[in-house]
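Remember, it's a predicted structure, so these values are computed and weren't measured experimentally. Read the numbers this way: they start at 1 and go in the same order the structure lists the ligands and their atoms.
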Amino acid sequence: MTALARPDFGEMERPALEDALEGRGHERFRARQIFQWIYQRGVADLAAMTDLSRELRAALAQEFTLATPALLQRETSIDGTEKFLLRLHDGRTIESVFIPDTPAMTFCISTQVGCAMACAFCLTGKMGLVRNLTAGEIVGQVRVLADTLSMRDARFNIVLMGMGEPLHNYDETMKALRILADEHGFNLSPRRITLSTVGLLPALERLAREPIMPNLAISLHAPTDVQRGELVPINRKYGIGDVIEACKRFPLKRRSRITFEYVLLSGVNDRPEDARRLAKLLAGVKSKVNLIPLNAAPGIPFERPSDAAIDQFARILAERGLFVSVRKSRGRDIRAACGQLIVEGQRKSTGQRLADAAFAK
Ligand code: SAH
């Protein structure tokens, strides 16, 4: 049997692993033990799974594999944020970020290598889409961060706000959420997970019917279709009105709200009239607005507004009864902040070459 033909433990939900074990003549309940070793104890080496018999371990080692992203580099920001550069089995690389004390401990996880959405202010978007991540690679980031940070037993939240558009990699992202939620694995409540999306309408409607429902964040960034179409190209296909209607229908738990992310760009979408339009748009939606002052970068043709403009924008929303927060930029010194994740040596787009050149300075 070639290595490629062996199923990967990390890619399987527990019921699928049970079936795979049974199909090879093993007991189904071994799946529970294997999940506990991999996800609760952080043991990737079959030889160390000591409550499985020696014979079983030997057989499983022939029949299965477990791929784990390799940690290439770890950088720490002066604010405690840490960025992890990980290599996947095919040599592609991705970044994941640990953000301590937000007040929770948060892992910011990628769902794709690169991204196809091409938002005008985002460096990842300049890479284009290289490929989707598998569920095992999405969960693998969580395994590597939890181990490296000695946080297997700690509580943490997950935000799908790293590289990629999670709803553009729908099946693998949802599978990853189910693996993370497994009671014999990380046992992570979907309430601890936030999925951030540009609002791919069909996928958003599908998400509304999922048994495992993460918190939802919509990257809105502008109150009109004309403005948003310039910043978030997919808006030309799925306009603001439809996205907001889908949000109104979204089955929210009691007391929960949809977060609307809004990157503030000086002179582009940060004017008082933009704030007033935004407030009007969100009237009647169970929402909270998270303002994200732009993390500027070379190759990104926008500027961060002044603190006064940010305050004024937030005040206009608050006066109209909206819940507003301003996202504190974390890890900017190590290029770990929102929209700054980009990795070199993959497909080189013009934007990435620009960014590479500027970073090298
Ligand atoms: N594709 C998903 C997840 C992306 S990142 C999405 O679009 O929601 C999470 C947030 O960071 C998004 O709201 C994204 O628009 C924002 N972001 C991207 N580039 C940024 C930048 N340069 N400065 C600040 N926020 C940025």
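Near L294, meaning under 4.0 Å from one of its heavy atoms, ligand 1 places the atoms 21 (C), 22 (N), 23 (N). Near C338, meaning under 4.0 Å from any of its heavy atoms, are these atoms of ligand 1: 11 (O), 20 (C), 21 (C), 22 (N), 23 (N), 24 (C), 25 (N), 26 (C). Listed by number with element, the atoms of ligand 1 under 4.0 Å from a non-hydrogen atom of C122 are 18 (C), 19 (N).
Remark: E205 engages R249 in a salt bridge, criterion side-chain N to carboxylate O under 4.0 Å. A salt bridge does not link K328 to D79: none of the charged nitrogens lies less than 4.0 Å from a carboxylate oxygen.
For ligand 1, the polar-atom distance check finds an N/O of F121 within less than 3.5 Å of one of the ligand's N/O atoms. Residue G164 has at least one nitrogen or oxygen atom sitting less than 3.5 Å from a nitrogen or oxygen atom of ligand 1, judged on distance alone.
Nearest non-hydrogen protein atom to atom 23 (N) of ligand 1 is N295 N, 2.9 Å. For atom 6 (C) of ligand 1, the nearest protein heavy atom (residue, atom name, distance) is S219 OG, 3.3 Å. Protein heavy atom in closest approach to atom 16 (C) of ligand 1: V263 CG2, 4.1 Å. In this structure, the protein non-hydrogen atom closest to atom 2 (C) of ligand 1 is S196 O, 3.2 Å. Protein heavy atom at the shortest distance from atom 19 (N) of ligand 1 is G339 CA, 3.0 Å. Looking from atom 9 (C) of ligand 1 to the surrounding protein, the closest heavy atom is M161 CB, 3.7 Å.
If you check each of E261, Q112, H221 against atom 14 (C) of ligand 1, the one with the closest non-hydrogen atom is H221.
Every residue meeting the ring pair (Phe, Tyr, Trp, His ring centres under 6.0 Å) condition with F9, not counting sequence neighbours, appears here in chain and number order: F64.
Heavy-atom separations between T197 and ligand 1 include at least one value shorter than 4.0 Å. Contact between H168 and ligand 1 is absent, with no heavy atom of the residue lying under 4.0 Å from the ligand.
Between the side chain of Q112 and the backbone N or O of N132 there is no donor-acceptor pair closer than 3.5 Å.
Side-chain contact of T65 with D8: a donor-acceptor pair under 3.5 Å is absent, judged by distance alone. Side-chain polar atoms of T259 and N290 form no donor-acceptor pair below 3.5 angstrom. D51 and Q36 form no side-chain donor-acceptor contact under 3.5 Å, judged by distance and modelled atom types alone. Under the 3.5 Å distance criterion, with hydrogens and angles disregarded, a donor-acceptor pair is assigned to the side chains of T197 and E165.
Under the 30°/60° scheme for interplanar angles, the aromatic rings of F121 and H221 are found to stand perpendicular.
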